[in-house]
Peer 1: 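This is the structure I want to talk about, given as structure tokens.
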Amino acid sequence: MKIGSPKEIYPGEARVAMTPDSALQLQKLGYECLIETGSGKAAGFSDEAYAKAGVTVVPNAAALYGAADFIAKVRPPEQSEVELLGPGKTLISFFYPAQNKELLEAANAKGANVIAMDMVPRISRAQKMDALSSMANIAGYRAVIEAGNNFGRFFTGQVTAAGKIPPAKVLVIGAGVAGLAAVGTSVSLGAITYAFDVRPEVAEQIESMGANFVFLDFAGPAQDGAATGGYAAPSSPEFREAQLKKFRELAPEIDIVITTALIPGRDAPKLWLEDMVAAMKPGSVIVDLAAERGGNCDLTVADQKIVSPNGVTVIGYTDFPSRMATQASTLYATNIRHMMTDLTPAKDGVPVHNMDDDVIRGATVTKDGAITYPPPPPKIQAIAAAKPKEKVKELTPEEKRAVEAAAFKAQTRNQFTLLAVSGALILLAGLYAPASFMSHFIVFVLSCYVGFQVIWNVSHSLHTPLMAVTNAISSIIILGALMQIGSGSILVIILAALSVFMAGINIFGGFMVTRRMLAMFQKS
């Protein structure tokens with residue numbers, strides 16, 4: 001079987017779906033690789049590099065589509081490219097079937113199988129094929145770089161002889177893969193970074209990266225990302241109003257806004273409205289990563305950079321990954337290669353289109369003349385829903401006093417029981433035991449009682465250091481063993497020697513442990 005990658009004909013697209021490195025891996029799976037001449041030039045991969053990797057360079061797209069069984073692309077195919085498909089051929093590319101229904105029907109009419117890389121389900125096993133995340137990661141990083149290029153000040157704050165420079169304030173709306181990449185980049189550049197997302201479970205991720213999560217004063221239920229496969233879902237009107245109110249409060253303070261909010265299968269929600277742009281300071285920058293789907297900002301124009309009447313720059317580029325074509329092509333080609341690995345379980349160049357596999361079934365939108373979109377939900381949840389924790393009931397002052405009184409009574413009762421039993425045992429021993437035994441017995445009981453009280457009342461967190469000292473001091477028993485080691489009985493001598501040996505370990509070991517623990521708290 002042959003897999004080929006044609007040159008992208010979408011204006012300005014510089015990425016390529018196959019790199020020399022990914023071609024080597026595909027050949028190990030048993031495939032013969034083809035590339036259209038000049039496909040990788042814009043991404044920094046020459047025809048010579050492909051030829052050196054064992055890839056056959058073909059002169060044009062028609063020759064490639066005619067020879068290849070699998071066609072790997074980046075952008076959804078144009079109508080002219082769909083015409084080159086046919087029965088028995090499989091197209092792998094971004095496809096967006098919900099937005100391209102006519103394209104889906106046209107590809108199906110040609111009898112071709114289509115695997116949409118944007119439809120790979122978001123489950124753990126499919127992360128290596130998640131091309132949306134790969135491209136979003138690059139887009140988030142590049143958005144901050146573009147914002148810095150159009151922003152007239154430093155990101156980080158500085159104190160210089162010429163004056164004090166305050167740090168820039170960045171707001172990232174949408175904390176998916178692109179949003180997290182933007183947060184990480186802006187924090188590393190020294191900006192004061194804020195982030196917002198409708199999914200509360202990402203708050204800890206945001207704060208762990210050094211940014212501030214924007215919380216809403218909203219009493220309604222929060223969205224559970226597990227119920228939506230890890231993606232955001234449409235919000236209620238009440239939540240949206242609270243969201244917009246918070247953004248209006250932040251707008252005058254924010255220097256850079258990066259919007260990344262997208263809902264699968266829908267146009268981008270409008271989150272940064274015209275009045276918010278008007279409230280921003282002149283020289284501020286808005287980078288709208290959702291521009292291709294209509295944009296999150298009212299003023300966004302796809303593929304253009306405009307300046308609002310009050311001097312705010314609004315960037316609506318749709319080719320952020322393509323602006324880093326080499327890196328983007330490398331990651332995307334790796335995603336394609338992993339998809340082909342799943343399609344070729346025997347690594348013999350014979351694909352097995354297993355529709356019982358959650359990943360392959362989810363990504364397949366047409367197969368054998370039938371439209372298979374939308375797919376059934378995956379059998380495995382993308383994100384496990386956390387079980388709600390039971391709230392600890394707050395006790396009233398009266399209830400607290402009752403609990404304390406009950407605990408005091410129980411402790412007192414236990415103490416009296418222990419004393420009564422001990423007293424009864426001592427009384428019995430006094431009545432029936434000889435006088436010589438009683439003198440030793442009293443010392444034994446006092447030792448046990450004192451040792452028990454000393455150790456039992458030490459906090460558990462302090463047991464290790466204090467137990468070491470207590471053991472060393474309590475090993476005074478070695479003196480008794482030394483006094484008995486000169487006895488005439490061989491049995492007493494053996495027991496006394498054993499006692500000296502064990503007590504010696506206790507003494508020296510206790511002091512050594514204590515010394516090592518104290519050394520941990522010394523500077524040098």
Peer 1: Run the ring-ring contact (aromatic ring centres under 6.0 Å, His included) test against Y332 and tell me which residues pass, sequence neighbours left out.
Peer 2: F94
Peer 1: Just by distance, no angles: are the side chains of S133 and D130 close enough, under 3.5 Å, to form a donor-acceptor pair?
Peer 2: yes
Peer 1: Could you check whether atom NZ of K281 has more than 12 heavy atoms from other residues, nucleotides or ligands sitting under 6.0 Å from it?
Peer 2: yes
Peer 1: Decide whether Y50 and S39 meet the rule of one side-chain donor and one side-chain acceptor closer than 3.5 Å.
Peer 2: no
Peer 1: Output yes when a side-chain donor or acceptor of Q25 lies under 3.5 Å from a complementary backbone atom of T341, and no otherwise.
Peer 2: no
Peer 1: Crowded around K7 NZ? As in, over 12 foreign heavy atoms under 6.0 Å?
Peer 2: no
Peer 1: For the side chain of N296 and the backbone of P269, is there at least one donor-acceptor N/O pair under 3.5 Å apart?
Peer 2: yes
Peer 1: Has D288 got a side-chain atom pairing as donor or acceptor with C297's backbone, closer than 3.5 angstrom?
Peer 2: yes
Peer 1: Around F213, counting heavy atoms of other residues, nucleotides and ligands shown, do more than 12 lie under 6.0 Å from its CZ?
Peer 2: yes
Peer 1: So among K347, R125, R361, which one has a salt bridge (charged side-chain N to carboxylate O under 4.0 Å, His left out) with D342?
Peer 2: R125
Peer 1: Checking T185 side chain against Y141 main chain: does a donor-acceptor pair fall under 3.5 Å?
Peer 2: no
Peer 1: Would the distance check show the side chain of D47 and the main-chain N or O of T37 forming a donor-acceptor pair, the cut-off being under 3.5 Å?
Peer 2: no
Peer 1: Judged by atom type as modelled, is there a donor-acceptor pair below 3.5 Å linking the side chain of S186 to the main-chain atoms of A191?
Peer 2: no
Peer 1: Just by distance, do the side chain of T372 and the backbone of V365 share a donor-acceptor pair under 3.5 Å?
Peer 2: yes
Peer 1: Does the side chain of I371 come within less than 4.5 Å of L104's, by heavy atoms?
Peer 2: yes
Peer 1: Mind checking whether Y373 and T366 have side chains closer than 4.5 Å, heavy atoms only?
Peer 2: no
Peer 1: Using atom types as modelled and distance alone, determine if a side-chain donor or acceptor of R337 lies under 3.5 Å from a backbone N or O of D21.
Peer 2: no
Peer 1: Do P77 and V114 have side chains that get closer than 4.5 Å, going by heavy atoms?
Peer 2: no
Peer 1: Do the side chains of T19 and T334 get nearer than 4.5 Å, heavy atoms only?
Peer 2: no
Peer 1: Would you say N100's side chain and L103's backbone share a donor-acceptor pair under 3.5 angstrom?
Peer 2: no
Peer 1: Check for a donor-acceptor pair, side chain of S22 on one end and backbone N or O of M18 on the other, with a separation under 3.5 Å.
Peer 2: no
Peer 1: Got more than 12 heavy atoms from elsewhere within 6.0 Å of CD, E274?
Peer 2: no
Peer 1: Can F247 and F196 be said to form a ring pair (Phe, Tyr, Trp, His ring centres under 6.0 Å), step by step?
Peer 2: CA-CA 10 Å; F247 291 163; F196 172 82; 5.3 Å; yes
Peer 1: Identify which one of K73, M117, E81 satisfies the side-chain contact (heavy atoms from CB on, under 4.5 Å) criterion when paired with S93.
Peer 2: K73
Peer 1: Could you tell me whether the side chain of D197 reaches within less than 4.5 Å of the side chain of I206, counting heavy atoms only?
Peer 2: no
Peer 1: Do any side-chain atoms of residues 306-318 form donor-acceptor pairs under 3.5 angstrom with protein atoms, and if so which ones, sequence neighbours left out?
Peer 2:
| from | atom 1 | to | atom 2 | distance (Å) |
| --- | --- | --- | --- | --- |
| S308 | OG | N310 | OD1 | 2.5 |
| S308 | OG | V312 | N | 3.0 |
| S308 | OG | V312 | O | 3.4 |
| N310 | ND2 | V277 | O | 2.9 |
| N310 | ND2 | A278 | O | 3.3 |
| N310 | ND2 | M280 | O | 3.2 |
| T318 | OG1 | D303 | OD1 | 2.4 |

Peer 1: Is any side-chain heavy atom of P6 closer than 4.5 Å to a side-chain heavy atom of I71?
Peer 2: yes
Peer 1: Under 3.5 Å, side-chain donor or acceptor atoms of residues 54-70 against the rest of the protein: list the pairs with distances, not counting sequence neighbours.
Peer 2:
| from | atom 1 | to | atom 2 | distance (Å) |
| --- | --- | --- | --- | --- |
| N60 | OD1 | A62 | N | 3.3 |
| N60 | OD1 | A63 | N | 2.8 |
| D69 | OD2 | K2 | N | 2.8 |

